[in-house]
Structure formats: structure tokens, C-alpha cells
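One structure below.
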Amino acid sequence: MQSVSKRQELIYAWLVVAVIALITAMPVMYFNRATKRGGILDDAILNKQDPYYIMDRQVKKLSSQGLKTGEVISFVIPLEDGITKKNLGYIKWFTDKLKGAFPEFGILSLSVAADYRDTGEELLNAPFINQDILADQNWSAKEWLNRIKKDSAVYGVFMGRNFDYAQVAMLLPFDYDEIKTFRRVAEFLEQRKISQWEWYLKADIYPVPEFSQVTTAGWAIGRGLTDAALLSDILKLSTIGLGLSWLLFFFSLISWRQATIAALVVAMSFLWTRGSIGLLQFMGVPVYERVYILIVFTAQIVAGISFAEHKFAGYNERRREFPQLSRAGLWQKARAVNRTMFVTAVIAILNFATLYQIGVRGILEVGIFAALGIIYLLILTMWFLPALHTIIGGEEAPASSGFLARAGNKWNQFLAGLIGAGQKFFHFDSSEQLAGEKKRAKQAICLTAGVLFLAIGLIGLDYIPDIKKDFDFLPVRT
């Protein structure tokens with residue numbers, strides 16, 4: 001009967017691991033690939049009474065009357081050799097390449113801007129750089145430069161005032177996709193298709209030799225590079241965080257396998273949380289992956305260390321009490337820790353859920369994703385961790401088995417000493433001391449309650465309609 005029971009325990013463990021692995025390998029990974037990224041400032045303000053939100057909407061309403069508020073990406077071409085036909089030909093060639101790659105955007109440069117000239121018989125409107133000029137053997141650079149100087153629409157705009165650079169401008173619509181546009185520009189300058197996974201490591205643009213002299217500028221590029229660099233740092237820092245988590249797990253649990261299982265749970269919670277973003281987007285919820293997800297991963301590392309360490313600590317304690325029991329039997333006896341984990345998770349979820357009050361979309365998303373991450377950690381720690389450990393094993397090593405195990409035991413003894421010192425510090429030998437400490441504790445509680453009520457009152461002011469003021473705007477004439 002005992003062998004049958006162990007077999008049933010293993011079947012149950014394999015079933016749990018298989019279901020979790022299937023969920024991770026299929027829907028979670030699919031929605032990870034489908035997750036769309038958002039810009040740092042995309043639709044950032046949620047409070048519709050915020051003055052910046054009101055002014056932004058007011059300006060956007062004027063787009064139907066001809067006011068365009070889109071941004072510009074500038075491609076600056078240095079003219080180190082001065083004004084030569086070779087440089088002018090390069091400006092035209094680059095402009096044509098840009099038009100072919102971005103046909104839906106407006107492209108302006110000296111090969112597009114019209115050079116209006118009245119001959120007395122007709123009004124010429126050929127661009128400042130055209131094929132006739134490039135082929136003209138009698139072309140005069142001095143005369144051409146004089147015409148540039150006289151046209152304020154191009155002088156200092158598409159041509160530097162010292163004639164040391166030229167600019168090609170790409171005009172973006174006000175509703176453009178910032179991250180998508182930045183990545184298209186990067187692929188254009190590098191002349192290759194950049195894979196989705198490479199974007200998680202890429203922190204800069206490396207143009208091909210034919211574009212090496214072109215400098216790209218503009219807020220869209222600046223924010224895109226910032227986002228790419230931060231995204232790369234997120235992956236690096238998250239990996240470092242997982243490595244440090246594994247090290248802390250090992251020193252605490254003194255078991256290679258237990259530490260690996262615990263770190264795997266944290267890593268899987270990352271995947272599940274990020275996959276949730278793609279799932280929510282598929283369901284029509286307007287959330288995006290932004291650089292703030294590093295805060296979410298940090299919270300998951302902290303919570304994951306707490307959950308997994310408590311879970312394995314409960315198992316190891318039961319193992320010392322009942323060494324004859326199977327791993328599955330020990331995990332059943334260690335279920336008492338689940339209640340503590342559940343209460344801790346609920347408190348953390350409620351804390352993250354209150355972030356919506358800040359009124360900033362990025363912080364709201366941090367609250368949503370962190371709350372989901374805590375839920376996933378709770379699920380994985382309560383069911384996946386015991387099931388995987390039941391299958392592959394991994395027991396706490398004795399104090400004498402190797403240098404690292406001894407170091408782990410020393411570390412645990414050090415932490416126990418700190419806790420013991422704290423307990424002695426707050427232990428009072430006389431009733432007078434205890435009464436004095438109780439009095440100070442009551443004072444601290446009253447002060448904390450007063451600050452709390454003051455904060456609630458200040459937050460409540462935002463919800464009193466009488467104190468809100470309407471914003472008046474100057475009339476715009478078009």
C-alpha cells in the first residue's frame with residue numbers, strides 16, 4: 001500500500017508540473033511574444049482634470065482645423081568637404097532612400113524644398129537639389145548658396161547657417177507609434193531586420209557604413225534610445241537579481257536543488273507577468289510594457305525570496321521532525337505556512353492596487369502587474385514548487401558537507417544572532433521600563449494615526465468638486 005501511495009504522490013506531482021509547464025510553454029510564451037511596448041510618455045496622465053491633460057486635448061482638437069502637432073525626426077548630414085556636388089548628391093540619395101522606407105511620412109530636405117525663381121517668362125519651382133543641377137557642368141556653387149541664404153524657409157533649417165551641415169526632416173503624425181517608429185528608423189539605418197529578442201539586448205543604433213556619417217536626432221529617437229537602453233538594463237539587472245536570489249536561497253536553504261527550484265519559481269513569475277500584458281492587450285485593456293516593469297520584477301524578487309524561503313523552511317523543519325516520511329508527506333505537513341504566505345500576498349496586492357490614485361498610467365500599470373506577479377508567485381510557490389521538489393528532490397545539507405554548506409550555516413547563525421540581539425534589546429527587565437516603552441509606543445501610534453488622517457484628508461481634497469477650477473484658454477484663430 002505504501003508503494004502505491006508513493007506512486008500516486010509522484011503522479012500528482014508530475015501532473016502539477018506538466019500543467020504548469022504546458023501553460024508556460026504555450027499561452028504564456030505566446031503572449032510574451034505578442035506583448036506590445038509603450039513609450040515612456042504615451043498617454044501618461046490619467047486624471048482628466050489635470051491641466052496638462054486638458055491642454056493636450058485642447059491642442060489635439062485643433063488638428064481638424066489644420067494644426068499638426070506631430071514630432072520631427074532629423075537626419076543631420078555633415079558637409080566636411082563643403083558644398084560639393086558629391087555632398088549634394090548624397091543628400092538627394094539619402095532623401096530618396098528615406099522616402100522609399102517611410103512612404104507614409106512626410107520627408108523634407110533640399111532635394112524636396114522648391115527653389116522658386118521667376119525668369120520673367122515662367123516661375124521655376126524645381127528643388128534646390130535636383131538631377132539637372134547635379135548634371136550641370138557650369139553649376140555655380142556661389143550663386144546657389146546666395147539663393148539658399150535668401151530663402152528663410154531652408155536657410156538655417158535644411159542647410160546650416162555656416163553651410164557645414166544639411167538636414168533631412170521626417171514629419172510624424174501626432175498619433176504615431178513611438179516605439180514602432182524608433183525601431184523602424186533603427187532597422188533603416190542598420191539596413192537589416194532586427195529580431196524581437198535582440199531588442200531586449202540592444203541599447204544603441206549602429207548604422208551601416210553608407211549611413212555612418214548621418215546623425216539622427218529628435219525626441220522620438222531620444223526617448224526610443226532611452227527606452228532601449230533601459231530595457232537592456234532591465235534584462236541585465238533582472239538576470240543579476242535572479243543570480244543573487246539563487247545565492248541567497250542557497251545560503252539560507254543550504255541545498256543546490258532547493259535554491260535552483262526557488263530561483264526558477266521567481267523566473268517563471270517574470271514570464272507569467274509579462275505574458276499577462278500580452279493577454280490583457282488581446283482582451284482590449286490599454287496596458288503596455290514600459291521601462292517601469294523593472295520595478296515590478298524587483299518586487300517579485302523580494303516577494304519570491306520570502307515565499308520560497310518560507311515554504312522550504314517549513315519543509316526542512318518537518319523533515320527534521322519526521323525523517324521517515326516521504327517528500328510528498330512532508331509537504332503535506334508543511335502546509336501550515338500557506339496561510340502566512342496568503343495573508344502576506346493579500347497585503348502586498350492591496351498595497352499595489354492603491355497605486356492607481358497617483359493618476360499616472362505607468363505607475364497604474366506597475367500596480368496591476370505587480371499585483372498579478374504576487375498572485376503568480378503565490379500559485380507557483382504553493383503548488384509548483386512542492387510538486388517539482390517531490391520529483392527531483394534536494395535536501396538540506398548537514399553543516400559539515402563542504403565549504404559552501406558550512407558558509408551557509410555560518411550565515412544562518414549570523415542572522416539568528418541578529419534576531420536574538422534584537423529580542424534582547426526589546427526585552428524589559430522592570431515594569432517601569434515596560435511602562436515607559438508602552439507610553440512611547442502609544443505616542444508613536446497617535447502620531448502615525450494623525451499623519452495618516454492628514455494624508456487621507458489631503459487626498460480627499462481632489463474629490464471635492466467645489467474647489468476645482470476650470471481652465472480658460474486663449475481663443476485660437478486659424
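Computed from a predicted structure; not experimentally measured.
- Within the 4.5 Å cutoff, no side-chain heavy atoms of V214 are placed close to those of V168.
- Formation of a donor-acceptor pair under 3.5 Å by the S232 side chain with backbone atoms of A228 is not found in this model.
- With hydrogens and angles disregarded, a donor-acceptor distance shorter than 3.5 Å links the side chain of Q281 to the backbone of K36.
- To the nearest 0.5 angstrom, I379 atom CD1 is 11.0 Å from M268 atom CE.
- Residues L294 and S238 come closest through the heavy atom pair CD1-OG, 4.2 Å.
- Rounding to the nearest 0.5 angstrom, the gap separating the OG1 atom in T344 from the CZ atom in R339 is 11.5 Å.
- Nearest heavy atom pair, residue D204 against residue E190, reads O-OE2, 4.0 Å.
- Side-chain contact between L388 and I20 is absent, with no heavy atoms from C-beta onward closer than 4.5 Å.
- When all heavy atoms of P386 and T381 are compared, the closest pair comes out as CD-O, 3.3 Å.
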Report the C-alpha distance between R184 and E104 in whole Å, list the side-chain angles of each, state the deciding distance to 0.1 Å, and finish with yes or no for salt bridge (charged side-chain N to carboxylate O under 4.0 Å, His left out).
CA-CA 13 Å; R184 286 182 61 190; E104 73 276 26; 2.4 Å; yes
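- In this structure, A299 and F352 approach most closely via the heavy-atom pair CB-CZ, 3.7 Å.
- Contact between A203 and A229 at its shortest, heavy atoms only, is CB-CA, 3.9 Å.
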Show, in sequence, the C-alpha distance, side-chain angles and deciding distance for M170 and F102, and conclude whether the side chain to side chain contact (heavy atoms under 4.5 Å, CB included) test is met.
CA-CA 9 Å; M170 184 164 70; F102 300 91; 3.6 Å; yes
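- For residues 294-316, every residue pair satisfying the side chain to side chain donor-acceptor pair (under 3.5 Å) rule, not counting sequence neighbours, is listed here: S252-E309, Q258-N316, S269-Q300, T273-Q300, K311-N338, Y315-E395.
- The closest side-chain heavy-atom distance from W246 to W256 is below 4.5 Å.
- Annotation: side chain of I179 is not in contact with side chain of Y288 (no heavy-atom distance under 4.5 Å).
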Check against side chain to side chain contact (heavy atoms under 4.5 Å, CB included), R183 and K202
CA-CA 11 Å; R183 291 184 174 183; K202 192 172 183 60; over 6 Å; no
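- Under the 30°/60° scheme for interplanar angles, the aromatic rings of F75 and F188 are found to stand perpendicular.
- Between V285 and I368 there is no side-chain heavy-atom pair separated by less than 4.5 Å.
- Side-chain N or O atoms of R361 include one that pairs as donor or acceptor with a backbone N or O of P286 at under 3.5 Å.
- Side-chain contact check for V296 versus Y292: every heavy-atom pair is 4.5 Å or farther apart.
- Every residue two or more places apart in sequence or in another chain that forms a side chain to side chain contact (heavy atoms under 4.5 Å, CB included) with A13 is listed here: A387, T390, I391.
- Contact annotation: the side chain of L98 never approaches that of F105 to less than 4.5 Å [non-hydrogen atoms, C-beta and beyond].
- Here the CD1-CG distance, from I194 to L201, works out to 11.5 Å after rounding to the nearest 0.5 Å.
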Please determine whether side chain to side chain contact (heavy atoms under 4.5 Å, CB included) holds for the pair I205 and T216, giving the CA-CA distance in whole Å, both sets of side-chain angles, and the decisive distance to 0.1 Å.
CA-CA 10 Å; I205 299 175; T216 311; 5.7 Å; no
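- One distance of note links CG of L171 with OH of Y176; it measures 12.0 Å at 0.5 Å rounding.
- Closest approach of A169 and V72 over heavy atoms only: CB-CG1, 3.9 Å.
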Taking it one step at a time, do Q196 and R33 satisfy side chain to side chain contact (heavy atoms under 4.5 Å, CB included)?
CA-CA 8 Å; Q196 182 67 29; R33 290 180 59 86; 5.5 Å; no
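- F94 has its ring centre less than 6.0 Å from the ring centre of F211.
- To the nearest 0.5 angstrom, L385 atom CG is 9.0 Å from L380 atom CG.
- Within the 4.5 Å cutoff, the side chain of R223 has no heavy atoms near those of the F182 side chain.
- In this structure, E321 pairs ionically with R318, as a charged nitrogen and a carboxylate oxygen lie closer than 4.0 Å.
- Interatomic distance, I240 CD1 to S245 OG, rounded to the nearest 0.5 Å: 11.5 Å.
- Residue W331 forms a ring pair (Phe, Tyr, Trp, His ring centres under 6.0 Å) with just one option from F312, F384, F322, and that option is F312.
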